[in-house]
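Residue numbers count from 1 along this sequence.
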Amino acid sequence: MYFPRKVKWTFFVVTTLFSLVQPLSANHTSINDTAIEMIHVGLILDAQSWVGKIVDSCISMAISDFYSRNHHYQTKLVVHTRDSGGDPLLLLSQALVFLENFKSDAIIVAENSAGVKILVELGSRVKIPIISLFATGQSLSSFEYPHLIQIGEDESSRAKTIAAIVEAFSWRSAILIYEDNDSARPILSNVTGFHLDQHVALLTSSTDEEIVQQLVKLMSLQMTVYVVHMSPILASRHFLNAKQLGMMAQGYAWITTDMITNFMNSMDPSVFESMQGVVGFKPHIPASKELHKFAIRWRSKNLNENKNLEEMEMNVYGIWGYDMVWAVATAAERVMTRHPHILHQETRLSMNFTTIRSSESGLVFMDELLQSRFEGISGGFQLTNGRLIPKEIEIVNVFKGERIIGVIWPGGTMNIPKGWSLRGKRLRIGVPVTNQFRELISVVHDLQTNDINVTGFCVDVFKEAVQRLDYEVHYDFIPFEDANGLMAGSYDDLILQNYDAVVGDITIISRRFAYVDFTQPFTDLGIGVVVPKINNDIWIFLKHLCGDLWITAAAFFIFTGVVIWFIERPINEEFQGSPSKQIGMIF
């Protein structure tokens, strides 16, 4: 192609300038990149679980929100996400891979498994913060593990909450059903404030047959208050089987800990339906405008990326993960400001099978994290002895959704379960079929529903007495009638039938004591006299005294006086003298 000379020079100048400008632009970017200190943080979660998906999305939003507000910061978190698949061994493997490839500053773990305990030991060796969004079941003190940060209830707080619920409903004791693993088992040693009648351990690998076998054993006991402390997966199968066995009916009480209650929104609808009437507790997240706006943004952002999240509600672990990222990012900036030389120092820890890279700023980083104080979307964020413990607990009642106020118990009743029940057959209560005193006892057959309605004062007294017992009594009223609906015999025949008790207008007669025991009489009919009404004359009481009665009374007076005169005359001068005087003395 032909170019004029002038055009050639122009093209040369432009290309030369462009070639000079391009390195300058690239050099500017590199300057900005080197000016920002990258803080490498590992995130290990189960990418296929609801919690893993929610935590991952919330942490991603936290980083974006934090640096959009603090774009002038000299540090920036770089989160490296690893999928553990819920396997404790894979969790440790992913942690080692991360520590081998990066100068690690912290690791966030968003799952509750046995591998967390070993990961905490590893964190103590490499001296970097290990942040667990799930409170580990074991008692891990901040003194023994100074690099561990835990979020959520510890076993001692859980036990106190359970004791408060048991005491509030005046139950004598409860039965604990827990998952036999390192996360749930430690609650046994922390049970205080109430009597633990029995405890049942279920394995994560327990089959439905094994779960049913344990539940059938519990049904044979008289205690009907159960505390369930296990993972949501095992709890789902547990409540489905309990529903099929009729243990989610009236008279039973079920309490779930936050291990289950925190995940209720992510449970299958069939599981949620089987848990109707369950009372649980979980950390209370105070409502705020910031939390409301974040929840709206979270849903709108993630519905486009993951259609499966459409049925999910914001989880407490996602909220805690969001605030924890803000705390980590703030602490990293303070370390950069106050101790800039430490961030560039790196150490290598040689182990038997690998070499781990770690930052020398671990201790300083941990100190800055422990001093974090700010108002997050979860409320006031403050770590105490390496743990973020919720300040308030929220009591949740499962009834067509989650309820916070008011309690509906299994069976859809508002009557508080007694907590103790008579097991075996239902009591057969015989009732007389008579039309003499319907106010006392009345038996009516409903031809449309084929139900038998037994009412009356005697029935009311019986029901009130049963209600005041400390245990549940199940009974059925059995009318004493023949095929024609008439009373099948006398009252003596009624008490000789094969009933557990008889309720009705039954008179206490001595001959009946040989066959039955009577309650104390609760009706006093007494004996009355009916007389015609007479006028209201003041002297009416004298009309019943006839003449013979007056003569007899006078004779008794005279006789009494003569006897006294006869006794006193020999020794008493006042009874001596003329006959008229003595007669006067007699009268």
So which heavy atom on Ala174 is nearest to which on Val227, and how close? CB-CG2, 4.2 Å
Looking at Phe513, I'd like to know if its CZ atom is crowded, meaning that more than 12 non-hydrogen atoms belonging to other residues, nucleotides or ligands lie closer than 6.0 Å. yes
Side-chain heavy atoms of Ile149 within contact of Met324, under 4.5 Å: yes
Looking at every non-hydrogen atom in both residues, tell me the closest pair between Gln497 and Asp493 and how far apart they are. NE2-O, 3.0 Å
Report yes or no: do Asp492 and Ser490 form a side-chain donor-acceptor pair below 3.5 Å? no
CG of Asp517: more than 12 outside heavy atoms within 6.0 angstrom? no
Verify, without hydrogens or angle tests, whether Glu392 (side chain) and His284 (backbone) share a donor-acceptor contact under 3.5 angstrom. no
Any donor and acceptor pair, going by atom type alone, linking the side chain of Arg158 with main-chain N or O of Asp258 inside 3.5 Å? no
Determine whether the aromatic ring centres of Tyr317 and Phe263 lie less than 6.0 Å apart. yes
Derivation of the side chain to side chain contact (heavy atoms under 4.5 Å, CB included) call for Phe462 and Ile429: CA-CA 10 Å; Phe462 172 77; Ile429 309 300; 4.0 Å; yes
Spatial distance of atom CD (Gln198) from atom CG (Leu176) [nearest 0.5 Å]: 10.5 Å
Could I get the full list of ring-ring contact (aromatic ring centres under 6.0 Å, His included) partners for Trp409, not counting sequence neighbours? Phe169, Trp171
Can you measure from CZ (Phe239) to CE (Met267) and round to the nearest 0.5 angstrom? 7.5 Å
Just so I know, are the side chains of Tyr499 and Leu494 near enough to count as touching, which here means a heavy-atom distance under 4.5 Å? yes
How close do Pro283 and Trp320 get, heavy atom to heavy atom, and via which atoms? CG-CH2, 3.5 Å
Nearest-0.5 Å distance that lies between atom CG in Leu133 and atom CD in Glu111: 10.5 Å
Could you tell me the separation between the CG atom of Leu234 and the OG1 atom of Thr204, rounded to the nearest 0.5 Å? 6.0 Å
With a 4.5 Å heavy-atom cut-off, do Phe522 and Phe457 have their side chains touching? yes
For Leu388 versus Pro390, what's the shortest heavy-atom pair and its separation? O-CD, 3.8 Å
Using the side chain to side chain contact (heavy atoms under 4.5 Å, CB included) rule, take Arg172 and Asp197 through it: C-alpha gap first, then chi angles, then the decisive distance, then the call. CA-CA 9 Å; Arg172 295 185 296 180; Asp197 193 69; over 6 Å; no
Taking the side chain as every heavy atom from C-beta outward, state whether Tyr475 and Arg426 have any pair of such atoms under 4.5 Å apart. no
Please lay out, stage by stage, how Leu486 and Val433 fare under the test side chain to side chain contact (heavy atoms under 4.5 Å, CB included). CA-CA 6 Å; Leu486 302 176; Val433 180; over 6 Å; no
Less than 6.0 Å separating the ring centroids of Tyr322 and Trp298? no
Is the backbone of Ile377 close enough, under 3.5 Å, to the side chain of Asp323 for a donor and an acceptor to pair up by distance? yes
Counting neighbours of CZ on Phe518 that are heavy atoms of other residues, nucleotides or ligands and sit closer than 6.0 Å, is the number greater than 12? yes
When you look at CZ of Arg373, are more than 12 heavy atoms from neighbouring residues, nucleotides or ligands closer to it than 6.0 Å? yes
Val51 versus Ala110, closest heavy-atom pair with distance: CG1-O, 4.5 Å
Donor-acceptor under 3.5 Å (Arg237 side chain, Ser206 main chain): yes
Within the side chain of Asn262, is there an N or O that forms a donor-acceptor pair under 3.5 Å with the backbone of Asn315? no
A side-chain contact here means heavy atoms from C-beta on lying under 4.5 Å apart; do Lys282 and Ile393 qualify? no
Just by distance, do the side chain of Glu167 and the backbone of Ala164 share a donor-acceptor pair under 3.5 Å? no
Is there side-chain contact between Thr261 and Glu394, with heavy atoms separated by less than 4.5 Å? no
Close side-chain approach of Phe281 and Thr257, heavy atoms under 4.5 Å: yes
Determine yes or no for a side-chain-to-main-chain donor-acceptor pair under 3.5 angstrom, with Asp56 supplying the side chain and Gly52 the backbone. no
Got a second to check how far Leu215's CG is from Ile177's CD1, nearest 0.5 Å? 6.0 Å
Do you know the tightest heavy-atom contact between Met264 and Phe272? O-CD1, 3.8 Å
Reported CG-to-CE distance for the pair Leu240 and Met275, which is rounded to 0.5 angstrom: 9.5 Å
Within 6.0 Å of CG in Asp268, more than 12 heavy atoms from elsewhere: yes
Using 30° and 60° as the class boundaries, would you call the ring planes of Trp254 and His238 parallel, tilted or perpendicular? perpendicular
For His292 and Lys289, what are the C-alpha separation, side-chain angles and deciding distance, and is it a side chain to side chain contact (heavy atoms under 4.5 Å, CB included)? CA-CA 5 Å; His292 180 68; Lys289 293 182 179 179; 5.6 Å; no
Main chain of Arg387, side chain of Thr384: is a donor-acceptor contact present, judged purely on distance under 3.5 Å? no
Treating Asp446 as the side-chain partner and Ile452 as the backbone partner, does any N or O pair qualify as donor plus acceptor under 3.5 Å? no
Can you tell if the side chain of Met259 reaches within under 4.5 Å of the side chain of Tyr178, non-hydrogen atoms only? no
Measure from the side-chain N and O atoms of Ser378 to the backbone N and O of Ile319, and report whether any donor-acceptor pair falls under 3.5 Å. no
Pair Arg185 + Asp180, salt bridge at N-O below 4.0 Å: yes
If you count heavy atoms of other groups shown closer than 6.0 angstrom to CD1 of Ile233, is the number above 12? no
Does a donor on one side chain and an acceptor on the other come within less than 3.5 Å for Asp87 and Ser84? no
